Peer 1: 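Dropping the structure in here first, questions after.
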Amino acid sequence: MINSLPLTATIYQPHAIDGDFVGKHIVTVEQFSRADLTTLFAWVSDLRTRVHAHDRSLLDLCAGKVMATLFYESSTRTDMSFQAAMLRLGGEVIATSGGVQFSSVYKGENLADTLRAVGCYADALVLRHPEVRSSYEAAYQLDLLGEKLGTRPVVISGGDGVGEHPTQALLDLYTIFDFKGSADGLNITLVGDLVNGRTVHSLAKLLALHGATGTRLNFVAPPALRMPASILNLVQAHGIATYETDALEDVLGDTDVLYWTRIQQERFASRAAYDAIADHFIMTPDVLQRAKPDMILMHPLPRKHEMGTPADHALLDADPRSVYFHQMHNGMMVRMAVLAATLGARL
Amino acid sequence: MILNIPGMIDPHVHLRDLDWAHKATFASETAAALAGGYWAIFDMPNTPPNTTTRAALDLKLARMAESAVCDYGIYFGADQGGNQYEYSAAAPDVVGMKMYCNATTGTLLIEYRQERTDHAFQWVAATGKPVAVHAEGRTVEEILDIMKMMHGRLRVHFCHISTRAEIAMLREAKRAGGYGGISIGVCPHHLYLTQDDVPRLGAYGLMKPELKTSADVEALWDAVIDGTVDVIESDHAPHTRAEKESDRPPFGVPGLETTLPLMGLAVHDHRITPERLVALLATNAQRIFDLTPPRDTVTVVDLNESYTIEDAKLLTAPGWSPFAGMKVWGKVREVRIRGQVAYDGERVIVPAGFGENVAR
C-alpha cells in the first residue's frame, strides 16, 4: 500500500480514453493510445490557431462550465495554465480563497471529503497533491459522487508527488510533434535526475505507449540517479532502443531532442559528491554549440543553476533551438484541449 | 468502475477431490476460483480422508501441488478422536485449524466444551495461526467464553454466521474487546436467499447453516454495511446434480463463481461501496490470515458490467448454482498471480500445478 492514502487509490483503474474523452478522468498517460494522441494533438493545433487569431467562438466551448483548482503544493505553470485554459474556453474558475491552506483542509478535513465537496460545485477538478496516486482517489470519489448526484465531474491530475503529471507529458510530446513532425526516428535524450523526475518518467512512458518507431531514448544521469528499471523495461518492451550513460558527450552530437532537468543537491550524501558530478549536468551556451543545428532544447521549468548563470540563461534563450517557452505556451493549449474534450465540448 | 483488487481470498471452500473426486476435483474447483476472481482459496478438512493427520495433509498437499491453478491454503481439522499431538507438525503447512462445533457434512464434530477448549489450547501452543469455527446459535457464545478464558491468545474466525442473534452477540463482543481476534465470515446465500426460497430451490437450497428468515438477512446486511462482518466467504460445497436430486440430498452449494458479482450487485444497489467490497473479498482476509499477496497479484473487475448467472457457463464441476437466473454486476476481466495472467476473462491459461500453497 502506498503512503497514507486509502485503499481506493491503489485499486481504482481509470478508463482508457479509447476514442471517447467525455467524462473521463485524466490521471495517467497509460490511458492514451496512439490514436487518442493523434486526435488530441489535432485539437491542440486547431485550438492554438484559434487562440492566436483571437477567435471568440472559443468562448462557447466551455461556457457555463466551472473548473476548480485544488493545489496542495505550490505551482505557477500548472495552476495558471489550467486557469487560463478554462477562461479562454469561456468557462469559469474557482479556488479556495487564499489557497488550500485556508480551506477546511486546515481544519483537518480528509482528502476524500474535500474532493467530494469540490465535486459538488465544479464540473472539472484540477488536483495537485504530494501523494502518489492521489488523483486515483479523486477519480474514485468523484465516480461515486457523480452516480449519487446524477452528474459527471472529472478530475484532471496536476501532478501527484513523484508519480505522474500526465498533462506535462502530453505537452512535452506535443512540443516534440510540433517541432519534429512526429516522435518517430528521433534520438531523444533525457538528462538529469532520472530516478526522481516525474516529468521524464511520464514522457518516457508516453513515448513508449505512443509506439514511436525507430526512436532511440538516451538516458544521461549520474550513476546514482539512473532511470528506474521498471521504466527502462517498459520502454524496451515497446520496441524503443535505449542507451544509458553518465556522459552527455556520448550522445550530444546525434541528439534531436534534448530534454534537460535539474539535479538537486539534497539528493546527494555530501556536497563533495554533488560537486563531483554537478558540472557535467549544467547546460551552457558552450554545450549547446556542440549540438546539431536542427535539434531542440526542452526543459519543464522552473530552472535554476542547471542552466548556468543568468548570463548563460540569456544566451540560451536567444538560441532558436531553445523551445521551453513554446513548451509552456503549448502547455496551455494542451490543457485547453483536455478540458474541452473531457467536458464534452464539440471540437 | 474498474477495480484492481489485490489478492482476493475465499477463506472457506470445500474443493472435494481425494475420495470425493466424483463431486469435484482440485483442478476443476481452482479453475472455478480463478473464474470467480480469486487469487487464493482455503480448503476445509472435512473431505475424506479428513485432513486431521500429517499423512492426510501430505496427501492433500501433493494432490493440490500437481493440480491447482490458483494459490491455496489448507486447514487442519480438529478430530474428536484426539489429534492435538499432530498440531505442531501440521501448523507450518496450513493457514489455520478448523473446528466443527455443530453437525454438518462429514464426520468431524467437537461436541463438548472441555474438548473444544483443549483443542484451542493445543493449537495456540503450536502456532499463532487462527482457528476457523463452525458455531451456530448458543455455540457462538460458548466459543466466546473460551476465547475470554484464553485471555485473548486465541484468534477465531467465525464461519458462515447466519442469524440476527449470532451477529448481535459477535458485534457486542467485538465492541467490548478482551476476546482476542474475532473475525466474522458471512456467505452470499445467507444474504440473498431466505427459507422462503427453499420450496423453489428444493435440494439446491439446502446447506449448513440452513437458509434463515428475512429478518436474519436484514441483520446480516446491516452487519456487512457497518463493518461488523469481515469477510464474504462462499462456503463453496459442490455436489453432483444426481446427489442433490436423490432421496437424501447432501448439504451445500457452490459459490466460488458467484460471490464477487453478487457483491458487485450490492455495490450497484448502493448497499456497499467498492472500497468495502475490496475489504470483504480481499484485504480483510489478508489481515486475518497474515498474508501479503505476491507482487502483481490482482483481479481486474468491471463493476459496471452486468450479466445473468447461467449454470452452463460455470466452471465448477457439478455445473449448477442456486443463483442461476439472477442478474449480477461485476465481470472479471483478468486475474494475475505473480505477474502471470492466470485467467483472461474467458479461460484459465496457466498449467495444472501453477498454484502455490500460501502457507509456505
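Only this structure's heavy atoms are used, side chains among them; waters, hydrogens and symmetry mates stay out. Just so we're on the same page: letters track the sequence lines, and every chain starts at 1. What you are looking at is a predicted structure, and each value in this text was computed from that prediction instead of being measured.
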Peer 1: At what distance, to the nearest 0.5 angstrom, does NZ of K148(A) lie from NE2 of H270(B)?
Peer 2: 8.0 Å
Peer 1: For Y121(A), does the OH atom have more than 12 heavy-atom neighbours from other residues, nucleotides or ligands under 6.0 Å away?
Peer 2: no
Peer 1: List in chain and number order the residues that pass side-chain hydrogen bond (donor to acceptor under 3.5 Å, both in side chains) with T151(A), two or more places apart in sequence or in another chain; answer none if no residue qualifies.
Peer 2: none
Peer 1: If you count the non-hydrogen atoms of other residues, nucleotides and ligands that lie under 6.0 Å from CZ in R226(A), is the total more than 12?
Peer 2: no
Peer 1: Only pairs under 3.5 Å count here: list side-chain donor-acceptor contacts from residues 185-192 of chain B, not counting sequence neighbours, and write none if there are none.
Peer 2:
unit_1: H190(B); atom_1: NE2; unit_2: P209(B); atom_2: O; d: 2.8
unit_1: H190(B); atom_1: NE2; unit_2: E210(B); atom_2: O; d: 3.4
unit_1: Y192(B); atom_1: OH; unit_2: L262(B); atom_2: O; d: 2.6

Peer 1: Heavy-atom pairs under 4.5 Å with chain A: which of N4(B), L3(B), T273(B) has the most?
Peer 2: N4(B)
Peer 1: Hey, could you give me the CD1/CD1 distance between I2(B) and I11(A), rounded to the nearest 0.5 Å?
Peer 2: 12.5 Å
Peer 1: Where on V267(B) is there a heavy atom nearer than 4.5 Å to chain A: the side chain, the backbone, both, or neither?
Peer 2: neither
